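These notes are about the structure you will find just below.
Just so we're on the same page: letters track the sequence lines, and every chain starts at 1. Just so we're clear, the structure is a prediction, and the values are computed from it rather than from any experiment.
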Amino acid sequence: VSPFPTHLLSIDDLATDDITEVLRVADSFAEVGRRANPKVPTLRGRTVATLFFEDSTRTRMSFETAAKRMSADVLSFAAGSSSLKKGESLRDTVETVEAIGIDAMIVRHASSGVPAQIANWVDHCVVINAGDGWHQHPTQALLDLFTVRQALGGGDEGLARFEGLQVVIVGDIRHSRVARSQIAAYAALGAEVTLVAPRTLLPPSLEGWPVATVTQDLDDVLEKADVVSLLRVQAERGSGEFVPTLREYTSHFGLTARRAAVLQPEALILHPGPIVRGVEIASDVAELPASLITEQVSNGVAIRMAVLFLLLGRAPTPEGSRD
Amino acid sequence: VTEGRRRTTGGPPTVLIRGGTLLDQDGQRRADVLVSGGRVEAVADSIEARPGAFVLDAGGCTVAPGLVDLHAHLRQPGREESESIETGARAAALGGYTAVVAMPNTEPPLDSAEAVRSVLDLATSAMAEVAVAGAITQGRAGVRLAPLAEMAALGVRLFTDDGAGVQSAGLMRRALDYARGIGVTLAQHCEDSSLAAGGAMHEGAWSSRLGIPGVPAAAEEVMVSRDIALARDIGGRIHFLHLSTAGSVEMVRQAKSEGLPVTAEAAPHHFTLTDGCAAGYNPVFKVNPPLRPAADVEAVKAGLADGTIDAIATDHAPHPPELKDLPFDQAPPGMLGLQTALSLALGQTGLPLAQVLALLSWQPAAIAGLDASRGGGQGGPIVPGAAAHLVVIDPTAQWTVDPGALASRSRNCPYAGWTLTGQVRHTVFAGEPVVVDAEAQR
């Protein structure tokens with residue numbers, strides 16, 4: 001068994017065994033989360049910094065909660081209030097934060113690849129990608145797997161059911177870091193992934209992607225779907241220019257009540273959030289029992305605890321030798 | 001230490017290049033070359049060193065006309081933290097060049113006679129001839145023609161808005177018509193901005209996977225196609241800068257077979273590196289036009305081999321480290337090229353030395369209007385009376401690229417750690433040995 005990677009930059013960094021290990025470790029941290037005092041000393045004395053160069057609500061809170069539940073000290077860096085505004089470069093900012101003496105850097109950036117660049121600059125801390133541009137958002141994909149596995153019975157039984165599972169990912173895949181991580185993650189566990197999007201919201205090339213089917217016809221694939229994972233139309237990233245109107249998008253690609261009625265009774269509905277109700281998902285569909293949107297958020301903390309544990313928890317403590 | 005190494009005062013010294021094999025457009029032969037007063041004095045089987053002559057050993061080496069780069073960004077005026085005319089010319093001399101064409105996308109741009117004159121003045125003491133490409137449009141804004149004839153009166157023979165293509169077909173057609181009248185060449189950076197907008201690498205399998213906005217091959221090809229149609233329509237000479245796609249090469253091949261007056265260049269990185277180099281998100285591999293897939297690389301090589309592409313040009317584009325530490329999509333495009341072009345041309349194209357030198361020396365010299373037929377002294381042939389712009393190349397010497405050891409002010413070289421074959425041993429510019437044993441003499 002190869003060691004867990006040094007940094008978590010992409011789902012592609014993880015072997016299938018690594019993914020299943022994250023899920024197993026997350027089971028025990030999910031149990032911690034249900035305790036009256038949901039705190040363990042695992043990362044006491046370790047310092048985790050969140051460097052969010054792009055706005056985020058759930059991911060940042062989720063990582064910080066995860067770190068605090070593991071008794072780590074948490075430093076929080078927001079680009080808006082930092083010396084970046086005074087003209088400090090990204091690299092200088094990163095090297096300054098590292099020099100403070102931290103063990104992990106959790107990075108979100110609007111540009112693809114920034115966590116990989118940072119991983120090349122730092123010497124002593126691990127880098128966790130919390131979403132970079134259109135590229136990857138690995139912990140989101142891991143928490144999606146965890147959520148689906150839970151709904152499918154949990155544990156090894158739930159894991160086994162990924163083999164041949166029909167997963168339909170709908171929406172702006174072109175600009176989606178979540179999709180790039182999800183596709184690799186679902187495929188690693190044996191699921192069959194179908195992409196549904198207008199041609200202009202698909203990546204220019206799908207060469208080498210572990211995707212079974214690509215279609216523009218959502219109605220055609222809903223009946224067979226075991227999991228429907230919806231992506232937001234990212235108007236702030238300009239995806240609005242890729243479809244004529246949002247109304248046209250919703251009429252062809254939105255999960256309306258009419259379409260939800262076609263789903264198998266056990267089908268699961270996921271959305272990484274934030275939801276734009278009425279565009280990619282109808283408000284009443286988001287509230288259906290099949291919808292796991294809230295579970296995704298709560299499972300996010302357990303998954304991030306697991307990732308922190310696997311990257312940091314088994315490494316030497318700060319008192320020990322770092323190198 | 002080479003005998004007789006000394007700084008010259010009062011004109012170029014007498015130099016004897018001894019023991020090499022001459023290679024120019026007239027062919028290959030064993031000969032010594034005696035240089036005095038900045039000119040070739042004699043070419044003969046064996047020439048005795050006269051007292052005080054500076055002797056350059058060319059044993060095992062090829063003596064060729066100095067290389068001519070059609071495409072160098074020397075960054076002066078305006079971005080002297082990246083490069084200067086002095087440092088860029090030193091890098092050129094070390095790379096075997098005796099002439100470079102300085103691109104006009106400086107700050108301010110070289111779009112007037114005054115701006116051109118200021119660069120020519122700064123270049124008088126440089127270690128290579130610095131010719132200037134003037135801008136086609138005022139401010140390189142693509143709206144109004146720049147004063148092409150005023151710049152041409154100062155010797156400017158190539159005009160380009162490089163860094164951007166002339167987007168308006170109507171303006172480009174008018175520019176071609178005007179340029180035809182004054183006998184100058186327009187060099188086009190082929191990039192349709194509506195197709196390329198926001199792109200940071202080649203659009204394809206790698207960009208899709210990496211989540212980096214892509215530039216489709218069509219962004220280049222639609223402008224190559226358009227400009228060929230304009231050349232057919234109105235005439236005028238067009239030189240296509242840094243061709244990077246199979247489609248572009250094929251269109252230029254067709255245009256040439258039709259007899260249209262078009263020429264083209266390719267950059268070393270476009271026949272050496274592929275778009276997969278972006279996988280590590282290192283902006284040193286970001287360049288414009290972007291690195292393309294292997295099929296395009298092969299098409300560029302085929303274009304070099306069959307004469308569709310006339311010249312290898314560096315697109316030497318220095319940027320300081322802080323700009324290459326930006327996120328990939330925000331970092332400026334460009335890579336150093338002057339000191340690695342010859343070795344890459346020898347090692348990557350698979351072409352014989354004579355053809356490589358044609359692509360690096362006399363063919364670009366003719367495109368730049370710096371050759372003997374236009375009254376210039378670049379690109380050979382090496383005959384008595386010719387200007388002494390010469391390079392001595394050891395085609396088998398190996399060297400390892402260390403960006404920190406290059407002469408440029410910048411370090412954005414994508415070949416760090418590569419071991420290359422073929423090295424410049426000496427460069428003689430206007431009769432002066434400016435590089436001796438691979439070291440700059442000033």
Side-chain angles (χ1 to χ4, degrees), chain A residues 9-12 53-54 79 84 87-95 107-121 127 129 131-137 172-181 183-184 195 201-211 234 237-239 241, chain B residues 81 194-219 221 245 274-286 290-296 319-333 403 411-412 414 416-417:
Chain A
L9 307 176
S10 161
I11 286 290
D12 296 333
F53 300 93
E54 185 189 60
L84 281 181
E88 188 175 53
S89 75
L90 174 66
R91 183 166 187 164
D92 288 340
T93 300
V94 164
E95 288 177 352
V107 180
R108 164 163 294 194
H109 201 286
S111 295
S112 297
V114 166
Q117 289 177 286
I118 290 176
N120 280 326
W121 296 334
V127 178
N129 183 357
D132 62 327
W134 306 347
H135 174 226
Q136 284 273 328
H137 191 353
D172 183 0
I173 292 150
R174 185 188 188 98
H175 301 108
S176 175
R177 53 191 173 217
V178 173
R180 283 178 178 76
S181 290
I183 292 164
L195 305 183
L201 290 178
L202 287 170
S205 166
L206 289 167
E207 189 185 321
W209 290 42
V211 168
Q234 305 188 60
R237 291 180 200 280
S239 56
E241 295 166 18
Chain B
E81 78 282 11
S194 72
L195 288 169
M201 67 176 291
H202 172 74
E203 180 180 292
W206 274 107
S207 72
S208 297
R209 186 168 164 196
L210 295 170
I212 294 177
V215 179
E221 291 163 358
T245 79
T274 62
D275 58 342
C277 291
Y281 295 95
N282 183 348
V284 82
F285 294 104
K286 182 175 175 181
L291 301 176
R292 305 286 188 185
D296 294 301
H319 291 293
E322 60 270 24
L323 294 182
K324 285 294 188 180
D325 280 341
L326 288 169
F328 196 95
D329 58 355
Q330 294 170 25
R411 298 286 170 265
N412 53 312

With a 4.5 angstrom heavy-atom cut-off, which part of B/Glu203 approaches chain A: side chain, backbone, both or neither?
side chain
Which atoms form the tightest heavy-atom contact between B/Gln330 and A/Ser111, and what is the distance?
NE2-OG, 3.3 Å
Are B/Tyr281 and A/Pro115 packed together at the side-chain level, in the sense that at least one heavy-atom pair is separated by less than 4.5 angstrom?
no
Interface moiety of B/Asp329 toward chain A, non-hydrogen atoms closer than 4.5 Å:
side chain
Find the one option among A/Ala184, A/Ser112, A/Pro203, A/Ala119 whose heavy-atom pairs under 4.5 Å with chain B are most numerous.
A/Ser112
Heavy-atom contact with chain B under 4.5 Å, split by part of A/Asp92:
neither
Check whether B/Pro216 gets within reach of chain A through its side chain, its backbone, both or neither, counting any heavy atom under 4.5 Å.
neither
Which heavy atom of A/Leu90 sits nearest a heavy atom of B/Asp325, and at what distance?
CD2-O, 4.5 Å
What residue in B/Ala205, B/Ala278, B/Gly211 has the most heavy-atom pairs under 4.5 Å with chain A?
B/Gly211
Give a yes or no on whether A/Glu207 atom CD has more than 12 heavy-atom contacts from other residues, nucleotides or ligands under 6.0 Å away.
no
Can you confirm whether B/Arg209 is buried at CZ, in the sense that more than 12 heavy atoms of other residues, nucleotides or ligands lie under 6.0 Å from that atom?
no
In short, A/Gln117 meets B/Pro327 closest at the heavy-atom pair OE1-CA, 3.3 Å
Separation between CG of B/Leu210 and CH2 of A/Trp134, rounded to the nearest 0.5 Å
12.0 Å
